[in-house]
Amino acid sequence: MKIQSVRGMNDVLPADSAAWQHVHAVAAQVFAAYGYGELRLPVVERTELFKRAVGEVTDVVEKEMYSFEDRGGEAISLRPELTAGVVRAGIEHGILFNQQQRVWCTGPVFRYERPQAGRYRQFHQLDVEAFGINTPDVDVEIIAIAAQLWKRLGMSGFQLEINTLGTPACRAVHRAALIDYLQQHEAALDDDARRRLHTNPLRVLDSKVPATQAIVEGAPKLLDYLDEASLAHFAAVKAGLDALGIGYIVNPKLVRGLDYYTHTVFEWTTNQLGAQGTVCAGGRYDGLVQQLGGPQTTGVGFGLGIERLILLMGVQNVPVVSNGPQVYVCRFGDGAEHVALTLAESLRDSFPNLRLVLNAGGGGLKSQLKRADNSGARYALVLGDDEVAAGTIQVKSLRGEGDAFTCARTELAAELSRRLGL
RNA sequence: GUGGGCGUAGCUCAGUUGGUUAGAGCUCUGGAUUGUGAUUCCAGAGGUCGUGGGUUCGAGUCCCAUCGUCCACCCCA
């Protein structure tokens with residue numbers, strides 16, 4: 001019986017890894033461009049962290065976490081998202097006390113869901129967070145970082161949806177009114193909505209069940225319960241986006257699935273990925289740090305699904321920087337073996353960025369050139385006994401850049417450097 | 001968790017109402033060209049038909065289970 005990978009957990013093969021490397025390289029560059037520092041965190045945390053951060057009655061915690069006891073009886077979970085761990089680490093190391101922090105984080109996260117296109121049980125996120133800044137300018141900054149990332153990756157066609165959830169106080173008043181309203185129409189609600197009525201009524205607003213939707217139409221609107229400061233904050237976020245020329249639509253029904261959000265929430269969506277349209281989503285979470293036992297510190301950030309981003313890059317034919325070989329060295333004849341070996345090594349010494357494959361495993365020149373072609377290399381170098389004797393080497397373009405020519409081996413480094421821009 | 005589609009060579013697929021030794025294209029290997037790829041021609045290699053049961057004289061084909069995958073719901077990144 002062949003052993004297969006665990007359901008919903010995928011391998012990335014060498015042919016596909018260039019896109020991943022490209023995304024990571026561009027993302028790291030963008031985050032650094034805004035002064036964000038990278039944080040590297042464990043993949044497992046205490047289960048309690050996610051219950052408190054994400055919310056006890058969210059789907060993520062209720063039925064999607066990989067939770068288990070370790071051998072010491074500790075209740076731990078594979079992380080279902082990154083923000084909780086970032087906050088935990090920030091509190092633990094005292095970097096969130098009375099100061100600003102701009103950080104980012106990446107890695108695998110785990111949710112036990114039914115896999116489908118763009119939805120996997122192990123997937124990867126890029127996560128950006130800013131702490132200790134309660135003004136709307138940093139909400140704008142966070143959204144702008146995503147926009148900058150799209151720009152540098154050469155991607156387009158995103159829809160930005162934004163909304164505000166206000167303060168916990170506004171939400172409490174609205175929540176009471178909403179529960180009251182929904183209870184009056186309880187008989188017409190679907191089972192799921194009825195179950196959520198008391199635990200998480202805001203989620204009912206998002207329901208796609210037609211009967212429930214009809215009732216939701218007349219429900220109390222959160223917008224009507226927001227205080228002046230919340231409205232002003234939201235207005236400032238919109239003004240900042242306007243100033244940057246970042247287009248958006250306000251979606252009053254936009255509610256995040258994680259409980260910790262306050263004020264600004266947003267989603268970058270696409271209609272090019274089927275049912276899994278959200279590529280990047282986030283918002284402000286002013287109470288989370290304190291809720292997890294830290295100082296009263298505000299936060300705002302987003303999570304981005306790397307698999308979805310890469311799927312979308314494929315759909316949009318976004319060019320990816322190749323990590324394949326540039327040069328393939330063919331060698332044959334007893335005298336050429338070690339000459340080619342030392343030549344290849346010295347070229348790598350001279351040009352750290354050069355990607356050069358030295359033929360191994362023998363084969364005739366014909367099959368070596370075939371390997372060279374299949375490797376994607378731009379040039380093949382041919383070194384046989386004739387060239388060894390003459391102190392030369394043949395440089396052969398594999399991509400229609402003129403005829404093959406022979407040059408002195410002492411000239412080779414300069415020749416490659418010029419042609420490949422090393 | 002619910003509903004549906006699909007699992008045949010490394011890849012994309014064909015395979016008739018169940019009937020001899022399961023095919024094609026691409027890829028790969030070798031040769032035509034004793035030292036020149038990507039074109040052409042020739043040859044070769046490559047399969048427990050996802051897995052396990054069952055029905056049958058006989059199963060890639062029918063039935064059951066199971067695993068995987070895809071689509072939608074749900075949820076979200």
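Here is the naming used below: chain letters follow the sequence lines, and residue numbers restart at 1 for every chain. Just so it is clear, the model here is predicted, and its values are computed rather than measured.
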Taking the same atom, [atom1], in [N] and in [M], what whole-Å distance lies between them?
N     : M     : atom1 : answer
B:U66 : B:C28 : P     : 41 Å
B:G7  : B:C49 : P     : 15 Å
B:G68 : B:G30 : P     : 39 Å
B:C26 : B:A43 : P     : 13 Å
B:G58 : B:G18 : C1'   : 8 Å
B:C42 : B:U27 : P     : 14 Å
B:A14 : B:C6  : P     : 11 Å
B:G52 : B:C67 : P     : 15 Å

Determine whether more than 12 heavy atoms belonging to other residues, nucleotides or ligands lie under 6.0 Å from atom CZ of A:R46.
-> no

Crowding at NZ, A:K151 (>12 non-hydrogen neighbours, <6.0 Å) |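 For A:K151, atom NZ is not crowded (no more than 12 foreign heavy atoms under 6.0 Å).
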
Taking only N and O in the side chain of [X], is any of them less than 4.0 Å away from OP1 or OP2 of [N]?
X      : N     : result
A:N374 : B:U27 : no
A:K366 : B:G37 : yes
A:R7   : B:U69 : yes

Remember a base hit wins even if backbone is also touched, and classify [X] as base, sugar-phosphate or nothing at under 4.0 Å, heavy atoms.
X      : value
A:V279 : sugar-phosphate
A:F110 : nothing
A:G8   : sugar-phosphate
A:Q394 : base
A:F302 : nothing
A:G400 : nothing
A:A372 : nothing
A:S5   : nothing

[X] [atom1] to [N] [atom2], straight-line distance once rounded to whole Å:
X      : N     : atom1 : atom2 : result
A:E64  : B:C76 : CD    : P     : 7 Å
A:M313 : B:A77 : CE    : C1'   : 16 Å
A:R399 : B:G37 : CZ    : P     : 14 Å
A:F158 : B:A77 : CZ    : P     : 15 Å
A:M9   : B:G68 : CE    : C1'   : 14 Å
A:E267 : B:C75 : CD    : P     : 12 Å
A:F266 : B:C76 : CZ    : C1'   : 15 Å
A:L312 : B:C76 : CG    : P     : 21 Å

[N]: pairing nucleotide in any strand, Watson-Crick or G-U under 3.5 angstrom:
N     : value
B:G37 : none
B:U2  : B:A72
B:A65 : B:U51
B:C26 : B:G10
B:G18 : none
B:A77 : none

Sole candidate of A:T106, A:V103, A:D127 that passes side chain to side chain contact (heavy atoms under 4.5 Å, CB included) when paired with A:L39 = A:V103

With A:L160 as reference, evaluate A:I246, A:I249, A:N251 under the side chain to side chain contact (heavy atoms under 4.5 Å, CB included) test and give the passing residue.
-> A:I246

Proximity to the side chain of [X] - top-ranked nucleotide from [options]:
X      : options             : answer
A:Q125 : B:G37, B:C71, B:A77 : B:A77
A:E113 : B:U29, B:A72, B:C75 : B:C75
A:K396 : B:U36, B:A77, B:C70 : B:U36
A:D59  : B:C75, B:G37, B:G35 : B:C75
A:R111 : B:C28, B:C73, B:C76 : B:C76
A:R308 : B:G35, B:A77, B:A72 : B:A77
A:Q276 : B:A38, B:C76, B:U36 : B:C76

Nearest-nucleotide comparison on RNA chain B, the residue closer to the 5′ end among A:D385 and A:D373 =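 Per heavy-atom nearest nucleotide, the more 5' residue is A:D385.
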
Tell me which of A:E387 and A:G364 sits closer to the 5' end of RNA chain B, going by the nucleotide each one is nearest to.
-> A:G364

Which class fits the ring pair A:Y66 and A:F110: parallel under 30°, tilted 30 to 60°, perpendicular over 60°?
->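 Judged by the thresholds at 30° and 60°, the geometry between A:Y66 and A:F110 is perpendicular.
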
Just checking, any donor-acceptor pair under 3.5 angstrom between side chains of A:E387 and A:T406?
->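 Absent: no donor and acceptor within the cut-off.
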
Do we count A:F123 as stacking onto B:A77 if the rule is ring centres under 5.5 Å and planes under 30°?
->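 One would call A:F123 stacked on the B:A77 base.
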
Taking it one step at a time, do A:R175 and A:D180 satisfy salt bridge (Lys or Arg N to Asp or Glu O under 4.0 Å)?
-> CA-CA 8 Å; A:R175 185 189 149 106; A:D180 190 52; over 6 Å; no

Considering only heavy atoms and no angle criterion, is a donor-acceptor pair shorter than 3.5 Å present between the side chain of A:Q368 and the base of B:G35?
->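 Answer is no: no donor-acceptor pair is held.
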
Using only heavy-atom distances, decide whether a donor-acceptor pair under 3.5 angstrom links the side-chain of A:R119 to the base of B:C71.
-> no

Should the pair A:R171 and A:Y225 be classed as cation-pi, given the thresholds of under 6.0 Å to the six-membered ring centre and 45° from the axis?
-> no

Verdict with supporting geometry, A:R348 and A:E345, salt bridge (Lys or Arg N to Asp or Glu O under 4.0 Å) = CA-CA 5 Å; A:R348 295 189 188 107; A:E345 212 54 27; 2.9 Å; yes

